[in-house]
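Report on the structure given below.
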Amino acid sequence: MGRSPISDKNGIKKGPWTPEEDMKLTQYIQMHGPGNWRSLPKNAGLERCGKSCRLRWTNYLRPDIKRGRFSFEEEETIIQLHSVLGNKWSAIAAKLPGRTDNEIKNYWNTHIRKRLLGKGIDPVTHAPHLNLFDLSSSLINLHDQFNLSNLFRLQTLVNPEALRLAATLLASNPEIPRT
DNA sequence: AAAGGATCCAACCGCAAGAGT
DNA sequence: AACTCTTGCGGTTGGATCCTT
């Protein structure tokens, strides 16, 4: 999985880490601590950039990392925190011991996001996602006097965000003239 | 069994913020 | 104040694996 090994013109290796590289990095950090990432690869005998070493350590090699599937509780925590913090993955990761921001971000994009969409919840705003039918029902309920010709005119708007905005405006401003 | 589309996730990239000079 | 260097973050990519037809 991942990318095929590449070396750039400076001899810096890219792509998947080998077990030997993992071992070198782990042993070096165990002896000296993470310290200066820029000088670490050279000192540890790795042909990697410091950025790559830091990423590998923080997302994969750190001993406190909890691997494996997310529990239901963790998933609920992520959803709750995301509703407050948005895409602040590092802040969310800080509340989930043993989980990395990258892991949470991946899990969000591949599992949770789809689950929320399936439930009709907007994964960005965490608000129920209204479709055209829901919108028409809502508008009719909110405004008894709203007539069908106006409703059909609104439905020609394709952008669901625009439709939701319209519904919000109508709900909060009963004085808006409806011709 | 084979093809190809979908899914998953490790790793990369670009940018911004903070530290040091 | 201005510049450079380093680190950290969020978004995106690439390719292995899984799934469906």
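Just so it is clear, the values below take in all heavy atoms, side chains as well, and ignore hydrogens, waters and symmetry mates. Quick note on labels: first sequence line is chain A, next is B, and so on, each numbered from 1. Computed from a predicted structure; not experimentally measured.
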| request: Check whether any side-chain N or O of A/Arg54 sits under 4.0 Å from OP1 or OP2 of B/dC12, and answer yes or no. | output: no
| For C/dT6, does either OP1 or OP2 sit under 4.0 Å from a side-chain N or O belonging to A/Arg38? | yes
| request: For A/Trp108 and B/dA10, give me the distance from atom CH2 to atom C1', rounded to whole Å. | output: 21 Å
| Residue met sooner reading DNA chain B from 5', once A/Tyr107 and A/Arg48 are mapped to nucleotides | A/Tyr107
| field | OP1 or OP2 of B/dC12 under 4.0 Å from side-chain N/O of A/Asn102 | value | no
| field | Phosphate contact (B/dC13 OP1 or OP2) by A/Lys14 side-chain N/O below 4.0 Å | value | yes
| Side-chain H-bond candidate by donor/acceptor type, A/Trp17 with A/Ser52, under 3.5 Å | yes
| task | Please report, rounded to the nearest Å, how far the C1' atom of C/dC5 is from the CH2 atom of A/Trp37. | result | 17 Å
| query | Is the distance from OP1 or OP2 of C/dC9 to the nearest side-chain N or O of A/Ser90 less than 4.0 Å? | reply | yes
| request: Specify the separation, in whole Å, of atom CG of A/Asn106 and atom P of B/dA10. | output: 7 Å
| message | Nearest 0.5 angstrom please: A/His82 NE2 to A/Ile92 CD1, how far? | response | 5.5 Å
| message | For C/dG10, does the base pair up with any side-chain atom of A/Lys88 as donor and acceptor (N or O, under 3.5 Å, distance only)? | response | no
| Looking at A/Arg69, A/Arg99, A/Lys95, which hits salt bridge (Lys or Arg N to Asp or Glu O under 4.0 Å) with A/Glu74? | A/Arg99
| request: Measure the spacing between CH2 of A/Trp108 and CG of A/Leu116 and express it to the nearest 0.5 Å. | output: 5.0 Å
| query | Quick one: is A/Ser52 getting a side-chain N or O under 4.0 Å of the B/dC12 phosphate, OP1 or OP2? | reply | yes
| query | So what does A/Arg113 hit on the nucleic acid, given a heavy-atom distance under 4.0 Å: a base, only sugar-phosphate, or nothing? | reply | nothing
| task | Ignoring backbone atoms, test whether A/Trp89 places a side-chain nitrogen or oxygen under 4.0 Å from the OP1 or OP2 oxygen of C/dG11. | result | yes
| OP1, OP2 of B/dC8 versus side-chain N and O of A/Lys114: anything below 4.0 Å? | yes
